[in-house]
Amino acid sequence: MTTTADGVDLTGYFTFAQDNTPNSGASINGSAVDLYPSINGKALSSVKVSSGTSRQFSYHVAAADLASGENRVTLTAGYTASTGTIYSTPITATVTAGALGFQSVSDTLNFDETLTGSTETIAPVSQPDVSVSDTRTRGGQNSWTVKAALTGMSTNFPGTLIYQPGDGSSVSLNNQAATIDTGKAASSATDVSDDWSQTWTGASSKGLFLKVPGSSTSGNYNGQINWELDDTPS
């Protein structure tokens with residue numbers, strides 16, 4: 001079993017009832033042998049056995065055909081003989097596919113600041129902890145995008161929750177999903193918020209911040225940040 005950029009390659013030998021020795025030299029033309037695969041009980045289209053000895057096979061299991069977690073892959077070979085179709089003993093392999101998901105997302109985000117009467121940008125008490133685990137096959141087209149949106153705020157909420165990527169730009173999260181980060185499958189979790197700024201010092205600060213106008217009124221405002229993790233093949 002070999003992991004590739006877009007799936008897994010299975011190789012081995014079939015055993016037929018007439019002859020249990022893979023390299024016995026019995027006359028079976030490899031090109032005339034059909035391979036009948038199934039994954040998790042679902043039959044897939046048959047394919048010709050790859051070139052090699054008559055009982056040797058190589059089959060590529062596409063990542064797109066695998067579910068997250070353990071997958072049961074069954075392979076059966078068959079060829080036409082004078083007595084009819086001869087089938088091999090089924091070969092079963094367990095292929096574990098990776099998964100994409102949040103490893104951690106903070107439950108709360110708090111802002112606690114004394115208003116100055118001027119327009120200002122406020123950093124949270126602590127930036128949220130956001131990390132992504134993507135253990136799918138690496139090196140292929142597996143990519144992801146993290147988005148966030150602020151919803152459920154009262155209509156008189158004076159501020160704007162923004163995300164700054166640290167390049168001088170910013171995007172509002174108020175009632176709209178904004179892209180926070182992108183990434184690819186990796187051997188360990190990606191800490192999205194690892195380099196977010198704990199204080200706001202200007203446009204180069206990175207993370208979530210609250211912009212409030214000078215006319216803002218002090219009070220308690222509550223809403224919900226909806227975090228979204230999308231599978232976005234590259």
Write down the atom of L210, the atom of F157, and the distance for their closest heavy-atom approach.
CD1-CZ, 3.7 Å
Shortest non-hydrogen contact between A189 and Q103, atoms and distance:
CB-OE1, 3.5 Å
Nearest-0.5 Å distance, CG of residue D181 to OG1 of residue T190:
8.0 Å
Salt bridge flag under 4.0 Å for residues D195 and K206
yes
Is there a side-chain contact between L66 and V61 (heavy atoms, below 4.5 Å)?
yes
Suppose the criterion is salt bridge (Lys or Arg N to Asp or Glu O under 4.0 Å): which pairs have a residue in residues 73-91, not counting sequence neighbours?
none
Verify same cluster id: L109, F102 (apolar side-chain graph, 4.5 Å):
yes
Should the pair F14 and F57 be assigned to parallel (<30°), tilted (30 to 60°) or perpendicular (>60°) ring geometry?
tilted
Please give me the minimum heavy-atom distance between S205 and S197, naming the atom from each residue.
CA-OG, 3.6 Å
Verify side-chain contact (heavy atoms from CB on, under 4.5 Å) between D191 and W196, making sure each step is shown before the conclusion.
CA-CA 10 Å; D191 192 340; W196 288 7; over 6 Å; no
Which distance, rounded to the nearest 0.5 Å, do you find between the OG1 of T89 and the CG of L75?
13.0 Å
Got a second to check how far K48's NZ is from D34's CG, nearest 0.5 Å?
3.5 Å
In terms of heavy-atom contacts, T76 and S88 come closest through CG2-O, 3.7 Å
Any chance CG of D112 has more than 12 other-residue heavy atoms, nucleotides or ligands included, within less than 6.0 Å?
no
To the nearest 0.5 Å, what is the distance between CG (L150) and CG (L161)?
5.5 Å
